[in-house]
Novice: 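Could you have a look at this structure, given as structure tokens, before my questions?
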Amino acid sequence: MIVFLLLLCVLVIPQSDGSFASSGDPLLITEVSPVDEAVTIKNTGYSTVDLKGYSVTDGEGTLTFSSSYKLSPQAQIIISKDSGTDWFNSRPEVIVFTSHYLTKSGSFTLANAGDEVRLCRNNSTLDSVCYGNSNGVDGWIGGPVGISTGHHLIRSSDKDTDRAEDWISTKAGWTNFGYGIESFDATVSPFSFPESNGEQVLFALSKAEMYIDISIYLISSPKVVSLLCQMEKNGVEVRILAEGSPLGVDISTELSLLRSLVDSGGEVRLINYNGASEHRYSYVHNKYAVIDGETVIITSENWTSGNMGEYGNRGWGVIVESEEYADYMESVFENDYSMLWGDVKEFLSLYPKSKPYSDMPVVEIINVDLPSYQAKVSPVLSPDNSYGAMKEFITSAEYRLYAEQMDLGSSLSMVSGDTPVSWMSSVAGKGVDTRFILDSSQSNGSAHETYVNLITSATEIKAINVNMGENFALIHNKGVIADDSVWIGSVNWTENSFQRNRESALVIRSSEVADYYAGLFLSDFGTNIYTAEENGISLEAKVVGTSKGNVVLLTVDGPSGFTYEWSLGDGKVRIGENTVVLFEAPSEGDYTASVRMNGTEMVAYCDYSVGPMDNGDDDKMTEYSLLLAVVLLCLGLMRIVILKRSEKRCIACRFRQSPYRPYR
């Protein structure tokens, strides 16, 4: 099991010959921390270097080694204003500005917004780095390294080119994985919420023999925790890392459930607990489990009562069998689970007076027959690489691109610039079938409707809002399909989710798996102006006998929220917004009914025949009367639903530039 990632955030990777490409001197700057006023110098060579005569300067102040200090091969020294205030300056290699080894002149103060640092010997620059709003310095090429508030810089390249590409902005405890390196062979089993009722998750967990490690934003399903308690009692080691402060959520039930697991022998830690001295991530928003070093469950959904029951969100999940991928995710878990960074604590130390859950259910495991496919899988993480990985994933699409999202941040909704919407727009402009579903059921629904209006009016993306579905209330998904690949996981399209949360996602390369999720997506995309333009509209006529006489039931396969002009074919015409209408039947004979979608050129026709009325079967007449009553009731309810959900399928289509500009 890989555990080295605990210190990966400070690793510096040497070349095959043990030294960085440089001007000949083996000393290089490898870390810069404006927060700590600190600089790390590393000896990348194979010989000991005496630092006497070397200096570090920011242009306003200089720190010079005035006494002998021997730096061994591959060793580093951290020059810091203070020591012991945080992880960065609490390492053994720290010397402070007032050390007898150093002589300070001027004011050495690294500006958080931007500055320059040079490593010199005898006034000659050996290495340099510029960050933030710096205008450059001797020896530096190109623009500065970008840096975020509270971050430090580490050298990430195995070559010293004196460019921004050599560096990354990070925080202590981040893993700093790049994207595109890791790709593993796997057997994958896709499933979805709410259709699964969480049974696939329970089934996979129940197969554990040695251990289960879970990293999750919210785990409040009594069924899941009851199973975990039983697994722990059966000798399976269970560990959970849960978000300690989920936004706007009452975690009292979750705390009781977690206490029950601890009492059963499980180990639970909370991250971002109230009062944490450090916060590596805004939120740990993962939804994954690693089982026995062989299997990983990853979902877009939290493991709540709703998602593990009969009525959950719309979401996607997958069970992955791959030792390599499980090992990768286990290393991420170990890194985040560590209490080294000051943001993780044991559950009982935070909630010693918590009470166990009082009504733990008995869980019946259903033997789920999962479809399985062979695939290549590539892990994705926030804040490590998800933004760049999403850009690469979207822009790779050649014939289809479908995205279904719970959220879209205002800064990422722009149709130009470096945003997911802009990436999708560029792909759509190349003729790729590009579709976008955005949830509008939450408090930010009006903002999401505005975003979709902008997208449909300014791009070729087929975008819709969805406010409740046929069997779910909320689209909580974060899924994307690009050709024969699919993206599944917890990464919302917001800056926080891409840049500051801990998120986990997976890219699966398999035509069968992509088609599976594409079917779900297209079902959620439903019938709307786009599908009407692609496929036209169709009309069905059915003659029904009732005790009052024959009636004709006309049904159009077209989007709701539009006005339709109905013609029975005998001169009777009706105009309304329903997609189903009833007419009194004309006299016996053959007729052609029609329906026109007002505001467009779409018309559909249907032939039907009216025969003699059969009055001899009272039971049949009663049945038809009940049918008529039900139809009439449905029409009334449909009117209410249409008024409530007329924006569901294509609110923004009303503003779309199209030869079929809908009626307003």
Side-chain angles (χ1 to χ4, degrees), residues 3 5-7 9 35 84-88 90 148-151 170-175 212-222 224-225 228-229 232 237-290 302-305 329-357 381-384 490 492 494 496-497 499-504:
V3 296
L5 289 175
L6 290 173
L7 296 177
C9 66
V35 174
T85 62
D86 60 18
W87 172 86
F88 192 96
S90 296
S148 300
T149 302
H151 287 214
T170 188
K171 294 180 73 172
W174 282 15
T175 43
I212 300 171
D213 287 337
I214 299 172
S215 179
I216 199 161
Y217 183 70
L218 190 63
I219 182 167
S220 58
S221 165
V224 172
V225 179
L228 294 174
C229 290
E232 180 67 43
E237 180 184 351
V238 178
R239 297 188 296 175
I240 293 180
L241 177 66
E243 169 60 43
S245 304
L247 181 64
V249 177
D250 179 1
I251 61 172
S252 55
T253 297
E254 182 181 35
L255 294 178
S256 294
L257 290 167
L258 293 176
R259 177 58 189 261
S260 294
L261 178 59
V262 171
D263 289 350
S264 298
E267 188 174 280
V268 176
R269 295 180 183 177
L270 299 181
I271 189 168
N272 295 333
Y273 58 88
N274 290 332
S277 59
E278 299 290 335
H279 287 276
R280 278 178 288 172
Y281 314 110
S282 295
Y283 296 100
V284 166
H285 195 242
N286 296 317
K287 301 102 167 57
Y288 75 80
V290 183
N302 293 300
W303 298 358
T304 62
S305 294
M329 292 307 296
E330 186 63 31
S331 68
V332 176
F333 178 86
E334 293 287 359
N335 180 83
D336 294 348
Y337 195 69
S338 170
M339 294 192 290
L340 174 65
W341 315 109
D343 56 354
V344 174
K345 274 193 175 182
E346 299 284 357
F347 177 86
L348 286 182
S349 69
L350 294 169
Y351 296 99
K353 297 181 179 180
S354 58
K355 304 295 183 183
Y357 193 72
L381 300 172
S382 290
D384 305 48
S490 66
N492 286 305
T494 64
N496 213 42
S497 190
Q499 307 292 352
R500 292 179 283 276
N501 286 354
R502 166 59 95 199
E503 309 274 8
S504 53

Novice: Where do Glu243 and Tyr283 come nearest, in terms of heavy atoms and distance?
Specialist: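 Taking every non-hydrogen atom into account, OE1-CA, 3.4 Å.
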Novice: According to side chain to side chain contact (heavy atoms under 4.5 Å, CB included), who are the partners of Ser220, at least two apart in sequence or on a separate chain?
Specialist: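 Partners of Ser220 by the side chain to side chain contact (heavy atoms under 4.5 Å, CB included) criterion, ordered by chain and then number, come out as Leu218, Glu254, Thr304.
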Novice: Quick one, Glu346 and Met339 - any side-chain contact, counting heavy atoms below 4.5 Å?
Specialist: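 The answer is yes; the side chains approach within 4.5 Å.
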Novice: Are the side chain of Trp174 and the backbone N or O of Arg280 linked by a donor-acceptor pair below 3.5 Å?
Specialist: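 At least one qualifying donor-acceptor pair exists.
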Novice: If I take atom CG from residue Leu257 and atom OG from residue Ser221, how far apart are they, to the nearest 0.5 angstrom?
Specialist: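 If I round to the nearest 0.5 Å, the distance is 8.0 Å.
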Novice: Would you mind reporting whether Ser338 and Val344 have side-chain heavy atoms less than 4.5 Å apart?
Specialist: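 No. Closest side-chain heavy atoms not under 4.5 Å.
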Novice: If I take atom OG from residue Ser215 and atom CD from residue Glu334, how far apart are they, to the nearest 0.5 angstrom?
Specialist: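 Going from the OG atom of Ser215 to the CD atom of Glu334 covers 11.5 Å.
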Novice: Is the shortest heavy-atom distance from the side chain of Ser490 to the side chain of Tyr217 under 4.5 Å?
Specialist: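 Counting from C-beta outward, Ser490 and Tyr217 never come under 4.5 Å.
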Novice: Just so I know, are the side chains of Tyr337 and Asp213 near enough to count as touching, which here means a heavy-atom distance under 4.5 Å?
Specialist: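 Not in contact.
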Novice: So do the side chains of Val290 and Val332 get within less than 4.5 Å of each other, counting heavy atoms only?
Specialist: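 Result no, sub-4.5 Å side-chain heavy-atom pair not found.
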Novice: Tyr357 versus Val225: any side-chain heavy-atom pair under 4.5 Å?
Specialist: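 Counting from C-beta outward, Tyr357 and Val225 never come under 4.5 Å.
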Novice: Rounded to the nearest 0.5 Å, how far apart are OH of Tyr281 and CD1 of Ile271?
Specialist: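 The OH atom of Tyr281 sits 6.5 Å away from the CD1 atom of Ile271.
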Novice: With a 3.5 Å distance limit and no angle check, can you tell me whether Glu232 reaches the backbone of Val238 through a side-chain donor-acceptor pair?
Specialist: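 Flag set: sc Glu232 to bb Val238 pair under 3.5 Å.
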Novice: Cation-pi check, Arg259 to Tyr351: give yes when NZ or CZ is under 6.0 Å from the six-membered ring centre and within 45° of the ring axis, no otherwise.
Specialist: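 Geometry flag: not set, cation outside 6.0 Å or 45°.
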Novice: Say you draw a straight line from OG of Ser354 to CG of Asp263; how long is it, rounded to the nearest 0.5 Å?
Specialist: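 Taking OG in Ser354 and CG in Asp263, the distance rounds to 7.5 Å.
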Novice: Test your reading of the model: is there a side-chain donor-acceptor pair from His285 to the backbone of Ser497, 3.5 Å cut-off?
Specialist: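 No, His285 side chain to Ser497 backbone: no donor-acceptor pair under 3.5 Å.
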Novice: When you compare the side chain of Ile240 with that of Leu228, does any pair of heavy atoms fall below 4.5 Å?
Specialist: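 Result yes, sub-4.5 Å side-chain heavy-atom pair found.
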Novice: Only one of Asn286, Asp336, Asn272 clears side chain to side chain donor-acceptor pair (under 3.5 Å) with Arg502; which?
Specialist: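 Of the listed options, the one satisfying the test is Asp336.
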Novice: Give a yes or no on whether the backbone of Ala276 and the side-chain of Lys345 come within a donor-acceptor separation of less than 3.5 Å.
Specialist: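 No, the answer is negative, given that no donor and acceptor are paired below the 3.5 Å cut-off.
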Novice: Using a 3.5 Å distance criterion without hydrogens, assess whether the side chain of Asp250 forms a donor-acceptor pair with backbone atoms of Ser252.
Specialist: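 Side chain of Asp250 to backbone of Ser252, a donor-acceptor pair under 3.5 Å: yes, one is there.
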Novice: Rounded at 0.5 Å granularity, tell me how far CD in Glu503 sits from CG in Leu381.
Specialist: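 Here the interatomic distance stands at 10.0 Å.
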Novice: One pair to check against side-chain hydrogen bond (donor to acceptor under 3.5 Å, both in side chains): Thr175 and Asp384. What are the steps and the verdict?
Specialist: CA-CA 7 Å; Thr175 43; Asp384 305 48; 2.5 Å; yes
Novice: Is there a donor-acceptor contact under 3.5 Å linking the side chains of Asn496 and Ser282?
Specialist: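 There is such a pair (donor and acceptor under 3.5 Å, judged by atom type) between the side chains of Asn496 and Ser282.
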Novice: If every non-hydrogen atom of Gly342 is compared with every non-hydrogen atom of Tyr273, which pair is closest and at what distance?
Specialist: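 Residues Gly342 and Tyr273, closest heavy atoms: O-OH, 3.6 Å.
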Novice: Once rounded to the nearest 0.5 Å, what's the spacing between atom CG of Leu350 and atom CZ of Arg269?
Specialist: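 Result: 11.5 Å between the selected atoms.
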Novice: Locate the shortest heavy-atom distance separating Trp303 from Ile214; write the atom from each residue and the value.
Specialist: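 In this case the closest contact between Trp303 and Ile214 is CZ3-CD1, 3.9 Å.
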Novice: Are Glu278 and Trp87 packed together at the side-chain level, in the sense that at least one heavy-atom pair is separated by less than 4.5 angstrom?
Specialist: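 Side-chain contact under 4.5 Å: no.
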